[in-house]
Trainee: 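Here you go, one structure.
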Amino acid sequence: MTSLASSRLSIADALDTLLKEPLPLRFTAYDGSATGPADSPYGIHLANERGLNYILTAPGDLGFGRAYVSGDLQINGVHPGDPYEAFRLVQGKLSFRRPSPAEILRVVRGLGIQHLRPVAPPREERPSALRRTLEGLRHSLDRDAGAIHHHYDVSNRFYELVLGPSMTYTCAVFPREDATLEEAQFNKYDLVARKLDLQSGQRLLDLGCGWGGMVRHAAREYGVRAIGVTLSREQAWWAQERIKEERLDHLAEVRFLDYRLVDETDFDAISSIGLTEHIGVKNYPAYFGFIRDHLRPQGRLLNHCITRPHNRFEQTGQFLDRYVFPDGELIGSGKIITEVQNAGLEVQHEENFRVHYAKTLAGWCQNLADNWDECVAEVGEGTARVWGLYMAGSRIGFERNEIQLHHVLATNTEDGVSGYPLRHTFGV
């Protein structure tokens with residue numbers, strides 16, 4: 001390997017210089033250099049100078065993400081719709097040591113100082129959080145609308161291909177190891193309905209309703225009058241069309257509306273399935289206060305959201321913030337339970353579905369890979385790469401207990417009366 005005393009370094013030599021441990025897979029670069037086991041079934045190839053610029057000007061997940069989304073960094077041996085196996089091999093094992101100032105200078109000089117010149121990011125990238133302040137304060141009505149539009153108004157057809165017939169973009173609950181994704185999504189909605197103890201003629205408000213899966217399930221299976229709200233215009237349109245097709249429009253409705261603008265109150269039940277991640281931790285008191293104020297006495301809340309395995313604040317990675325969930329925030333289930341209780345609701349049950357989300361993501365990645373050509377034709381290869389990257393990475397995060405998925409069930413208890421039975425009746 002070229003020593004640090006030399007005036008030039010190959011890309012592979014520079015990588016070896018900075019790694020704590022040898023690479024677990026093969027790395028090759030456009031300059032002809034290579035490192036890592038030659039017999040590895042998986043490989044990473046840096047195809048051009050722009051990719052190197054991305055990596056050097058934004059070290060960490062953002063730079064690698066830019067290079068990958070643009071096609072300048074390629075992963076061999078896996079499908080771009082499901083790069084899980086290669087990521088699993090690398091994630092947690094690709095760690096860099098802290099080089100000395102002299103080593104950094106030598107690497108930069110050896111690779112060429114021109115590679116520290118920033119280049120335009122891929123078109124799929126959103127502005128930084130600082131620049132997004134021009135769209136409004138974090139979690140203001142306008143800024144939240146922009147964040148939701150970025151992620152959910154991609155293409156309804158793209159989501160149909162990736163999510164499958166249920167059009168459900170939240171964690172499924174698998175009744176058996178061999179259950180299909182569709183069976184698991186139906187089971188998830190039905191579990192939520194049973195936890196809420198939905199009865200015919202009751203009123204349900206579903207916050208952040210997506211394509212209306214919970215709204216339609218409650219109306220179709222339980223005879224509930226259900227209202228869903230979403231900040232995605234495309235979701236609302238698709239959901240309303242499906243409600244009409246299923247002849248549920250006498251019971252179900254999905255509105256293109258911020259939940260904070262819902263006027264109706266006195267709901268028997270409120271479900272929040274995958275919205276809390278977008279609320280912002282500092283807004284939890286107002287959020288759960290809104291829910292309390294819109295529930296009738298003894299009404300129930302079911303909050304379903306991604307969480308961290310701890311209750312310490314932790315920044316979301318730059319790649320996720322710029323490409324996937326702008327302004328998204330996660331915290332532990334303990335913080336959520338605390339804020340539910342502080343809002344005056346009585347927590348009755350809590351449950352972790354971490355391993356179910358790993359299985360859900362595996363199904364979505366498989367769908368993306370199976371429908372890759374049509375997905376690329378629908379949204380472009382860059383966006384399709386973003387989805388494969390983030391879903392495979394998220395699957396690993398759930399498998400390794402770096403993130404979790406929790407249900408919190410609570411009642412609007414008044415004068416000590418909760419309406420809750422002596423024991424849970426919703427089963428599994």
Trainee: Would you check, one step at a time, whether the test side chain to side chain donor-acceptor pair (under 3.5 Å) holds for Asp206 with Ser271?
Mentor: CA-CA 5 Å; Asp206 187 35; Ser271 52; 2.6 Å; yes
Trainee: Does Ser33 reach the main-chain N or O of Ala12 with its side chain, forming a donor-acceptor pair under 3.5 Å?
Mentor: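 Here the side-chain-to-backbone pair exists.
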Trainee: Taking all non-hydrogen atoms of both residues into account, name the closest pair between Tyr54 and Ser70 and its distance.
Mentor: CE1-OG, 3.6 Å
Trainee: Would you say the side-chain atoms of Asp31 and Ser10 include a donor-acceptor pair closer than 3.5 Å?
Mentor: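 No, no side-chain donor-acceptor contact under 3.5 Å.
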Trainee: Does Tyr42 form a side chain to side chain contact (heavy atoms under 4.5 Å, CB included) with Ile75? I'd like the steps, not just the answer.
Mentor: CA-CA 7 Å; Tyr42 310 111; Ile75 302 178; 5.7 Å; no
Trainee: For the residue pair Ala269 and Leu198, what are the closest heavy atoms and their distance?
Mentor: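 In terms of heavy atoms, the two residues are closest at CB-CD2, 3.8 Å.
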Trainee: When you measure from the side chain of His294 to the backbone N and O of Phe290, does any donor-acceptor pair fall under 3.5 Å?
Mentor: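 Indeed, once roles are kept as given, a pair shorter than 3.5 Å links the two residues.
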Trainee: Indicate whether any N or O donor in one side chain lies under 3.5 Å from an N or O acceptor in the other, for Glu125 and Tyr323.
Mentor: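 Side chains of Glu125 and Tyr323: pair found under 3.5 Å.
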Trainee: Could you walk me through whether Ser394 and Tyr357 pass the side chain to side chain donor-acceptor pair (under 3.5 Å) check?
Mentor: CA-CA 9 Å; Ser394 296; Tyr357 217 155; over 6 Å; no
Trainee: A side-chain contact here means heavy atoms from C-beta on lying under 4.5 Å apart; do Leu52 and Ile11 qualify?
Mentor: yes
Trainee: In terms of heavy-atom contacts, does CZ of Arg117 have more than 12 from other residues, nucleotides or ligands at under 6.0 Å?
Mentor: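 Counting neighbours around CZ of Arg117, 12 or fewer heavy atoms of other residues, nucleotides or ligands fall under 6.0 Å, so no.
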Trainee: Where do Arg216 and Trp211 come nearest, in terms of heavy atoms and distance?
Mentor: NH2-O, 3.6 Å
Trainee: Keeping Gln240 on the side-chain end and Val254 on the backbone end, is there a donor-acceptor pair under 3.5 Å?
Mentor: yes
Trainee: Check whether any side-chain heavy atom of Phe313 sits under 4.5 Å from a side-chain heavy atom of Arg308, and report yes or no.
Mentor: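 No, too far: nothing below the 4.5 Å cut-off.
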Trainee: With the threshold set at 4.0 Å, does a side-chain nitrogen-carboxylate oxygen contact exist between Glu253 and Arg255?
Mentor: yes
Trainee: Does the Gln185 side chain pair with the main chain of Thr170, one donor and one acceptor, at a distance under 3.5 Å?
Mentor: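 Checked: pair present.
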Trainee: List, one per line, each side-chain donor-acceptor pair under 3.5 Å for residues 369-381, sequence neighbours excluded.
Mentor:
residue: Asp370; atom: OD1; partner: Gln366; partner atom: NE2; Å: 2.8
residue: Asp370; atom: OD2; partner: Gln366; partner atom: NE2; Å: 3.4
residue: Asn371; atom: ND2; partner: Leu161; partner atom: O; Å: 3.3
residue: Asn371; atom: ND2; partner: Asn367; partner atom: O; Å: 2.8
residue: Glu374; atom: OE2; partner: Arg157; partner atom: NE; Å: 3.0
residue: Glu374; atom: OE2; partner: Arg157; partner atom: NH2; Å: 3.1
residue: Glu378; atom: OE2; partner: Ser155; partner atom: OG; Å: 2.8
residue: Glu381; atom: OE2; partner: Arg385; partner atom: NE; Å: 3.4

Trainee: Dump the intermediate steps for side chain to side chain contact (heavy atoms under 4.5 Å, CB included) on Phe256 and Val229, then the final yes or no.
Mentor: CA-CA 6 Å; Phe256 172 52; Val229 292; over 6 Å; no
Trainee: Any side-chain heavy atom of Thr360 sitting closer than 4.5 Å to one from Phe174?
Mentor: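 Yes, their side chains come closer than 4.5 Å.
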Trainee: Quick one: are the ring centres of His349 and His407 less than 6.0 Å apart?
Mentor: no
Trainee: Side chain of Asn311, backbone of Gly334: donor and acceptor closer than 3.5 Å?
Mentor: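 Side chain of Asn311 to backbone of Gly334: a pair is present.
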Trainee: Under a 4.5 Å cut-off applied to non-hydrogen side-chain atoms, are Leu301 and Phe288 in contact?
Mentor: yes
Trainee: Taking the six-membered ring for Trp and the full ring for Phe, Tyr or His, determine whether the centres of Phe325 and His278 are under 6.0 Å apart.
Mentor: yes
Trainee: Out of Asn352, Ile336, Leu330, Ile403, which one pairs with Thr307 under the side-chain contact (heavy atoms from CB on, under 4.5 Å) rule?
Mentor: Ile336
Trainee: Hey, is the main chain of Ile273 close enough, under 3.5 Å, to the side chain of Asn303 for a donor-acceptor pair?
Mentor: no
Trainee: What do you reckon, is CG of Leu105 surrounded by more than 12 foreign heavy atoms closer than 6.0 Å?
Mentor: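 Above 12, so yes.
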Trainee: What about the rings of His217 and Phe186, do their centers lie closer together than 6.0 Å?
Mentor: yes
Trainee: Can any side-chain N or O of Thr230 pair as donor or acceptor with the backbone N or O of Ala236 at less than 3.5 Å?
Mentor: no
Trainee: Measure the spacing between NZ of Lys188 and CD of Glu183 and express it to the nearest 0.5 Å.
Mentor: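 Result: 14.5 Å between the selected atoms.
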Trainee: Under the side chain to side chain donor-acceptor pair (under 3.5 Å) rule, what do Thr316 and Asp321 come out as? Steps first, then yes or no, please.
Mentor: CA-CA 6 Å; Thr316 300; Asp321 184 64; over 6 Å; no
Trainee: Would you call Arg88 and Glu399 a salt bridge, using N to O less than 4.0 angstrom?
Mentor: no
Trainee: Is the gap between the ring centers of Tyr159 and Trp387 under 6.0 Å?
Mentor: yes
Trainee: Backbone N or O of Glu177 within a donor-acceptor pair of the Lys359 side chain at under 3.5 Å?
Mentor: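 Side chain of Lys359 to backbone of Glu177, a donor-acceptor pair under 3.5 Å: yes, one is there.
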Trainee: Does the ring of Phe398 carry Arg354 above it, NZ/CZ under 6.0 angstrom from centre and within 45° of its axis?
Mentor: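 Because its charged atom misses either the 6.0 Å distance or the 45° angle limit, Arg354 does not stack over Phe398.
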Trainee: Would you give the length of the straight line joining atom CD of Gln318 to atom CZ of Arg66, rounded to the nearest 0.5 angstrom?
Mentor: 8.5 Å
Trainee: Is the side chain of Asn412 donor-acceptor paired with the backbone N or O of Leu295 at a distance under 3.5 Å, no angle test?
Mentor: yes
Trainee: Mind checking whether Tyr287 and Tyr259 have ring centres under 6.0 Å apart?
Mentor: yes
Trainee: Could you tell me whether the side chain of Phe426 reaches within less than 4.5 Å of the side chain of Leu196, counting heavy atoms only?
Mentor: no
Trainee: Is there a donor-acceptor pair under 3.5 Å between the side chain of Asp72 and the backbone N or O of Ala47?
Mentor: no
